[in-house]
Amino acid sequence: MKGIREVHQEIRMRATESVKSSALDLTPYKKTFMEIAKKVTNGRFVVDDRNREIIGNLFLYFLGQPGKYDTKKGLWLEGPVGTGKSTLMHVFSAYMRFLERGFKVVICSQVVSEFSLNSDLDLYLANKNSLSKEPIDMCFDELGREPMRASYYGTPLNVMQHILHVRYDYWQRKGVKTFITTNKKAEEIEALYEDFIRDRRKEMFNIIPVVGESRR
């Protein structure tokens, strides 16, 4: 009988070689996903009637399989506080890192704070100072809860508006994906980031409502 390490190695190899195949057997991927999800959430991750459909569709999306979501677009998870949006993205971030195709999850308020300290947004945009030397897929968590106007030595900037503008261009030219979690509605997004961002949401993202009672 194969050990866990051997099974995991096989899954990584399959992900690299045949993850785009519509005939891919997803059973081992699902088992490994649940193992990682439990670990990330200290055993609190559950699949139930409230999240089963979303998790299933996100699972297919991240493995590049045919499903509800357009794999060429990013993800925009919106809904009330406590419905599990951030948890989902942290779980899938860890799972995709396991498959060596991961993405970072960063909190928007942290991004704004970093700009106020050093004005450096390279990590979230061109990424020239990293090993990859190019923009990468990234999740921005809790959009709309960050300070709207940050400044560096008197230079004001709506940081997340700027990042979304630039990453829209990256998505168009390079296919770089952006993932968002937010509890703001469309009209609130327009008020915070102007109509350009609201108008580009459906073009750039799969809009995914995450509703229901709080899981906290």
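What you see is a predicted model; the values in this text were computed from it and never measured.
Of the possible donor and acceptor atoms, one in the side chain of S113 sits under 3.5 Å from a partner among the backbone N and O of S109. R167 places a side-chain N or O within 3.5 Å of a backbone atom of K177 that can act as its donor or acceptor partner. For K104 (side chain) and S93 (main-chain N/O), no donor-acceptor pair under 3.5 Å exists by modelled atom type. K85 places no side-chain N or O within donor-acceptor distance of the main-chain N or O of E78, the cut-off being under 3.5 Å. With N206 contributing its side chain and D70 its backbone, the two residues share a donor-acceptor pair below 3.5 Å. When atom types are taken as modelled, the side chain of R101 and the backbone of L63 share no donor-acceptor pair closer than 3.5 angstrom.
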Test log, rule side chain to side chain contact (heavy atoms under 4.5 Å, CB included), inputs L58 and Y69: CA-CA 8 Å; L58 287 174; Y69 305 142; 3.9 Å; yes

Stepwise ring-ring contact (aromatic ring centres under 6.0 Å, His included) check, F92 with F59: CA-CA 8 Å; F92 277 103; F59 186 78; 7.0 Å; no

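No more than 12 heavy atoms of other residues, nucleotides or ligands lie within 6.0 Å of NZ in K202, so this atom counts as exposed by the packing criterion. Counting non-hydrogen atoms of neighbouring residues, nucleotides and ligands closer than 6.0 angstrom, the CD atom of E187 exceeds 12 such neighbours. Atom CG of D48 has more than 12 neighbouring heavy atoms from other residues, nucleotides or ligands inside a 6.0 Å radius. Crowding of K72 atom NZ: a count of heavy atoms from other residues, nucleotides or ligands under 6.0 Å not exceeding 12.
Cluster membership check: L26 shares its hydrophobic cluster with I55, using side-chain heavy-atom separations under 4.5 Å among Ile, Leu, Val, Met, Phe, Trp and Tyr. Under a hydrophobic clustering in which Ile, Leu, Val, Met, Phe, Trp and Tyr are joined whenever their side-chain heavy atoms come within less than 4.5 Å, directly or via other members, F196 and L143 fall into the same cluster. No continuous path of hydrophobic side-chain contacts links L192 to I107 [ILVMFWY only; heavy atoms under 4.5 Å]. Hydrophobic clustering places V47 together with L77 (ILVMFWY residues linked when any side-chain heavy atoms are closer than 4.5 Å, directly or through intermediates). V81 and F140 end up in different hydrophobic clusters when Ile, Leu, Val, Met, Phe, Trp and Tyr side chains are linked at under 4.5 Å.
Using bins of under 30°, 30° to 60° and over 60° for the plane-to-plane angle, the ring pair W171/Y168 lands in the tilted bin.
Aromatic rings from F62 and F179 are positioned such that their centres are separated by under 6.0 Å.
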